[in-house]
Amino acid sequence: MSGNDCIFCKIVRGEIPCHEVMNTETVLAFLDIAPVRPGHVLVIPKAHHPTLFDLPPDLSRDLLSGLQAVGKAVMAATDAEGMNVGMNVEKAAGQLVFHAHFHIIPRISGDGLSLWPQTPSDDHETLANLARTIRDNVS
Ligand code: 5GP
Ligand code: ZN
């Protein structure tokens with residue numbers, strides 16, 4: 001999908017309204033239309049890049065700075081004691097809008113959300129092989 005049809009590009013261009021929380025030269029942040037919890041914010045680059053892996057270095061830096069600024073603001077403005085920060089990458093991981101964006105989801109102790117169902121592993125041979133394979137693919 002190009003920037004023309006992209007829903008977040010339409011928000012950046014002002015063609016679709018949003019509840020804006022931060023607006024810089026390169027980064028925009030606004031409330032998610034379907035919040036996991038109140039204060040769920042999306043932080044996006046204004047330029048259209050489909051996924052995390054498409055973001056150029058300078059823009060990645062701006063996005064991370066925006067994420068920190070908005071994250072602190074969400075903490076100050078809500079009853080949050082912490083937050084989950086995440087980016088869904090590709091359809092298999094739940095990405096629905098292919099314009100890279102961070103989610104900020106405010107959390108309080110005992111709010112009942114369980115985002116990371118984990119299974120402990122002590123199979124160190126498998127872990128070592130997997131680590132080596134990933135290491136070999138780091139460019
Ligand atoms: P994804 O699943 O791609 O990581 O997340 C896309 C997010 O965008 C979802 O949480 C969804 O609620 C939000 N979203 C989709 N369309 C709109 C919209 O038009 N306005 C706003 N504010 N959020 C949207
Ligand atoms: Zn876009």
Side-chain angles (χ1 to χ4, degrees):
M1 181 186 289
S2 74
N4 276 348
D5 309 320
C6 168
I7 196 151
F8 286 176
C9 283
K10 288 181 181 176
I11 288 175
V12 169
R13 292 195 299 262
E15 294 166 17
I16 293 177
C18 72
H19 293 283
E20 183 179 302
V21 300
M22 194 193 73
N23 191 340
T24 74
E25 199 180 325
T26 55
V27 175
L28 182 69
F30 51 89
L31 297 181
D32 195 295
I33 203 168
V36 172
R37 285 189 35 80
H40 180 169
V41 169
L42 302 175
V43 185
I44 75 169
K46 287 186 173 174
H48 182 84
H49 298 282
T51 80
L52 175 69
F53 301 133
D54 305 307
L55 294 170
D58 283 2
L59 191 53
S60 302
R61 187 201 58 212
D62 289 359
L63 195 57
L64 194 58
S65 298
L67 188 60
Q68 288 176 316
V70 176
K72 285 184 202 165
V74 170
M75 290 286 283
T78 70
D79 58 359
E81 298 163 359
M83 56 188 39
N84 292 109
V85 171
M87 186 184 296
N88 298 327
V89 180
E90 300 290 1
K91 195 173 163 190
Q95 185 172 7
L96 296 173
V97 177
F98 280 78
H99 178 133
H101 54 281
F102 279 113
H103 293 258
I104 291 177
I105 299 172
R107 301 295 304 273
I108 53 170
S109 313
D111 62 19
L113 284 179
S114 178
L115 302 182
W116 300 105
Q118 289 179 274
T119 309
S121 172
D122 59 2
D123 180 352
H124 291 290
E125 192 181 334
T126 301
L127 293 173
N129 285 335
L130 184 55
R132 187 181 315 110
T133 308
I134 295 171
R135 209 159 49 233
D136 290 347
N137 278 278
V138 174
S139 53

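Both backbone and side-chain heavy atoms feed into the values below; hydrogens, waters and symmetry mates do not. Order of appearance sets the numbers: ligands from 1, and atoms from 1 within every ligand.
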Exercise. Would you call D62 and K46 a salt bridge, using N to O less than 4.0 angstrom?
Worked result: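 So D62 does not pair with K46 through a salt bridge.
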Nearest heavy atoms of [X] and [Y], plus distance in Å:
| X | Y | value |
| --- | --- | --- |
| S121 | L127 | O-CD1, 3.9 Å |
| I104 | G71 | CD1-N, 3.7 Å |
| P106 | P38 | CG-O, 3.3 Å |
| G66 | V43 | C-CG1, 4.2 Å |
| F98 | K91 | CZ-N, 3.7 Å |
| F53 | V89 | CE1-CG1, 3.8 Å |

Problem set entry | Nearest option to atom 22 (N) of ligand 1, as decided by whichever heavy atom of L31, I105, T51, V41 sits closest |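 Shortest heavy-atom distance from atom 22 (N) of ligand 1: L31.
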Main-chain N/O of [Y] paired with [X] side-chain donor or acceptor, under 3.5 Å:
| X | Y | value |
| --- | --- | --- |
| R37 | A80 | no |
| H40 | I33 | no |
| H101 | H99 | yes |
| E81 | I108 | no |
| E20 | M22 | no |

Could you establish whether [X] and ligand 1 come within less than 4.0 Å of each other, counting only heavy atoms on the residue side?
| X | result |
| --- | --- |
| V36 | no |
| F98 | no |
| H19 | no |
| K10 | no |
| G94 | yes |

Minimum-distance protein heavy atom relative to [atom]:
| atom | result |
| --- | --- |
| atom 23 (N) of ligand 1 | I33 N, 3.3 Å |
| atom 9 (C) of ligand 1 | D32 OD2, 3.4 Å |
| atom 16 (N) of ligand 1 | I7 CD1, 4.1 Å |

For this session: Quick one: look at F8 and ligand 1, take heavy-atom pairs under 4.0 Å, and tell me if it's side chain, backbone, both or neither.
Result: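 The part of F8 near ligand 1 is the side chain, not the backbone.
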For this session: Answer side chain, backbone, both or neither: which part of H103 comes under 4.0 Å from ligand 1, heavy atoms only.
Result: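 Near ligand 1, H103 shows its side chain, while the N, CA, C and O stay back.
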Exercise. Does a donor on one side chain sit under 3.5 Å from an acceptor on the other, for T51 and D54?
Worked result: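 Yes, because at least one side-chain N or O of T51 sits under 3.5 Å from a partner of the opposite role on D54.
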If the cut-off is 4.0 Å to any non-hydrogen atom of [X], which atoms of ligand 1 fall inside it?
| X | answer |
| --- | --- |
| N88 | 1 (P), 2 (O), 4 (O) |
| I11 | 20 (N) |
| F30 | 21 (C), 22 (N) |
| L96 | 1 (P), 2 (O), 3 (O) |
| A34 | 12 (O) |

Problem set entry | Name, closest N/O/S atom of H48 to the Zn ion (ligand 2) |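 Among the N, O or S atoms of H48, the one closest to the Zn ion (ligand 2) is ND1.
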Exercise. Within the structure, does V97 bring an N/O atom to less than 3.5 angstrom of an N/O atom in ligand 1?
Worked result: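 In this structure, V97 places an N or O atom under 3.5 Å from an N or O of ligand 1.
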Exercise. N/O to N/O below 3.5 Å, does that happen between H101 and ligand 1?
Worked result: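 Yes - when backbone and side-chain N and O of H101 are compared with those of ligand 1, one distance drops under 3.5 Å.
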For this session: For the atoms ND1 of H99 and SG of C6, give the angle they form at the Zn ion (ligand 2), rounded to 10 degrees.
Result: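 Result: 110°, to 10°.
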Problem set entry | Metal site the Zn ion (ligand 2): N/O/S of H49 inside 2.8 Å |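 Checking the Zn ion (ligand 2) against H49, no N, O or S atom falls under 2.8 Å.
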